[in-house]
Amino acid sequence: MIGPLRAALLGHPVDHSLSPVLHGAAGAAVRVAVDYTLVDVLPGHFDEALAACRRDDRHCLNVTAPHKRSAWRACATRLTPAAERTGAVNTLWWADDGWAGDNTDVEGFAALLGAATPGHAVLVGAGGAARAVLDVLGARGVARVDVVNRRPERARELLEGVGRDPAHAHGLGDLATLQPSADLVVWALPPGAWSGEAAVDWRTCPPGCRVLHLAYGAPAATLLSAARAAGLVAEDGLVMLAAQGLAAFARWTGLRPPGAPVVAALREAVGGAPRAD
Ligand SMILES: NC(=O)c1ccc[n+]([C@@H]2O[C@H](COP(=O)([O-])OP(=O)(O)OC[C@H]3O[C@@H](n4cnc5c(N)ncnc54)[C@H](OP(=O)(O)O)[C@@H]3O)[C@@H](O)[C@H]2O)c1
């Protein structure tokens, strides 16, 4: 064993996080001891939490909502291309003279999407994760992407930021009118955030439409079951979680652990067997 790798997740809330399981399994696979801690950081307190990590010699950090923009700012010029493009950072490391940052959600969503290139994608949500989704859909050359969001102006900003037509920004109420032509729906809202979630009629999506929920475990289960009951292919975000975490681990250590034991450890932690559909 080498290490320990001193790492932490900064976010609010963080008590539900599977990152300790993820990085524990990743470390075990390549014989690196991992000392991973969860740090609950209230909005407005990110910079002081970062300074405390530095003092504590904790130089390998993950960042989750609501701090990905603050993490991006903290890295100033030491950003990977993915972090620059998306304006969000979920992975930090100390690089001699300051914090450097990457957005490994991009690699994570690319792994979840697989080799597919949908013709018409509908993205539900315009928060931090939606930035990574939009980046990947753009790189894949997806012809049409509509973004629906509680505040359509945030969807518009997101589309404009990547040079897409802002006319494809909508309120959540427009989801029903977009579903019939969609061959991919990406659900990037925190589970339960939108009270209209349960009323979505998945039968209006065409056969073969794929539904990707970025969340996983019990909070994602109801929506995924409803989509499967309508005959759609529906998957949770566990593969994305594993892939973004493994990419972070590689940034920190230069080592890339195998994915299978990490996904298996995460599946066990959420108490669910993988589904073929
Ligand atoms: N699998 C993975 O590796 C992975 C990675 C990243 C994220 N995720 C998951 O993806 C989901 C989104 O994450 P995120 O970081 O993008 O979160 P976030 O930035 O907090 O998401 C904000 C989104 O939620 C919407 N929202 C908040 N409250 C709402 C309400 N009451 N009604 C309707 N919409 C509401 C916001 O709309 P407004 O813009 O109108 O406020 C915005 O679209 C989470 O479940 C997260 O766990 C998974």
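Indexing begins at 1, ligand by ligand and atom by atom, following the structure's order. Note that the coordinates shown come from a computational prediction; the quantities given were computed from them, not determined experimentally.
Looking at heavy atoms from C-beta onward, Trp202 lies in side-chain contact with Leu223 at the 4.5 angstrom threshold. You'll find the side chain of Arg6 stays beyond 4.5 Å of the side chain of His59, heavy atoms only.
Heavy-atom proximity to Ala129, at under 4.0 Å, picks out these atoms of ligand 1: 6 (C), 7 (C), 13 (O), 14 (P), 15 (O), 16 (O). Near Pro191, with a cut-off below 4.0 Å to any heavy atom, the atoms of ligand 1 are 45 (O). Less than 4.0 angstrom separates some heavy atom of Ala188 from each of these atoms of ligand 1: 12 (C). Using a 4.0 Å cut-off to heavy atoms of Lys68, the atoms of ligand 1 that qualify are 6 (C). Atoms of ligand 1 found under 4.0 Å from any heavy atom of Gln244 (numbered from 1 in listed order, with element): 3 (O). Atom numbering of ligand 1 starts at 1 in the shown order; those under 4.0 Å from a heavy atom of Asp105 are 5 (C), 6 (C).
Closest protein heavy atom to atom 17 (O) of ligand 1: Pro190 CG, 4.1 Å. Taking atom 10 (O) of ligand 1 as the reference point, the nearest protein heavy-atom neighbour is Leu214 CB, 3.5 Å. Closest to atom 31 (N) of ligand 1 among all protein heavy atoms lies Ala193 O, 2.9 Å. With hydrogens left out, the protein atom closest to atom 22 (C) of ligand 1 is Gly127 CA, 4.0 Å, a heavy atom. For atom 43 (O) of ligand 1, the nearest protein heavy atom (residue, atom name, distance) is Asn149 OD1, 2.5 Å. Given atom 27 (C) of ligand 1, the protein heavy atom at minimum distance is Arg150 NH2, 3.7 Å. Of all protein heavy atoms, the one lying nearest to atom 25 (C) of ligand 1 is Leu189 CD2, 3.5 Å.
Residue-ligand proximity: Trp187 is placed with every non-hydrogen atom at 4.0 Å or more from ligand 1. Heavy atoms of Ala126 approach ligand 1 to within less than 4.0 angstrom.
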Inset, instruction - For side-chain hydrogen bond (donor to acceptor under 3.5 Å, both in side chains), just list the numbers for Asp183 and His120, CA-CA rounded to whole Å, side-chain angles, deciding distance to a tenth of an Å, and then say yes or no. - result: CA-CA 6 Å; Asp183 43 23; His120 178 202; over 6 Å; no

Q.
For a side-chain hydrogen bond (donor to acceptor under 3.5 Å, both in side chains) check, start with the C-alpha distance between His213 and Asp236, then their side-chain angles and the critical distance, and finish with the verdict.
A. CA-CA 5 Å; His213 198 321; Asp236 70 11; over 6 Å; no

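For atom 47 (O) of ligand 1, no protein heavy-atom neighbour is present inside the 4.0 Å cut-off.
The number of heavy atoms from other shown groups lying within 6.0 Å of CZ (Arg73) is above 12. Residue Arg140 qualifies as enclosed at atom CZ: its count of foreign heavy atoms under 6.0 Å is above 12.
Ring orientation note: the planes of His23 and Trp252 are tilted relative to one another, at an angle of 30° to 60°.
Residue contacts with ligand 1: Gly128 is placed with a nitrogen or oxygen under 3.5 Å of a nitrogen or oxygen of the ligand (distance criterion only). Residue-to-ligand polar distances keep Gly125 apart from ligand 1: every N/O pair is separated by 3.5 Å or more. In terms of polar-atom proximity, Arg154 is counted as a contact of ligand 1, with an N or O under 3.5 Å from an N or O of the ligand. Where the criterion is an N or O separation shorter than 3.5 Å, residue side chain and backbone included, Ala215 fails it with respect to ligand 1. Where the criterion is an N or O separation shorter than 3.5 Å, residue side chain and backbone included, Ala130 fails it with respect to ligand 1.
Within the 4.0 Å heavy-atom criterion, both parts of Met240, backbone and side chain, lie near ligand 1.
Remark: side-chain polar atoms of Arg251 are not paired, donor with acceptor, to backbone N or O of Asp102 under 3.5 angstrom.
Residues Val147 and Val186 are members of one and the same hydrophobic cluster, defined by side-chain heavy-atom contacts under 4.5 angstrom among Ile, Leu, Val, Met, Phe, Trp and Tyr. In terms of hydrophobic clustering, with Ile, Leu, Val, Met, Phe, Trp and Tyr side chains grouped at heavy-atom distances under 4.5 Å, Leu18 and Val14 are assigned to different clusters.
By heavy-atom distance, the residue among Ala65, Gly245, Ala242 lying nearest atom 20 (O) of ligand 1 is Ala65.
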Going by atom type alone, with no hydrogens or angles, which donor-acceptor pairs under 3.5 Å involve a side-chain atom of residues 122-139 and a protein atom two or more places apart or on another chain?
from: Arg131; atom 1: NH1; to: Thr86; atom 2: O; distance (Å): 2.9
from: Asp135; atom 1: OD1; to: Arg85; atom 2: NE; distance (Å): 2.8
from: Asp135; atom 1: OD2; to: Arg85; atom 2: NE; distance (Å): 3.3
from: Asp135; atom 1: OD2; to: Arg85; atom 2: NH2; distance (Å): 2.9

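Partners of Pro13 under the side chain to side chain contact (heavy atoms under 4.5 Å, CB included) rule, at least two apart in sequence or in another chain, are Asp15, His16.
Aromatic ring centroids of Trp93 and Trp99 lie 6.0 Å or more apart. In this structure, His67 has its ring center no closer than 6.0 Å to that of Trp72.
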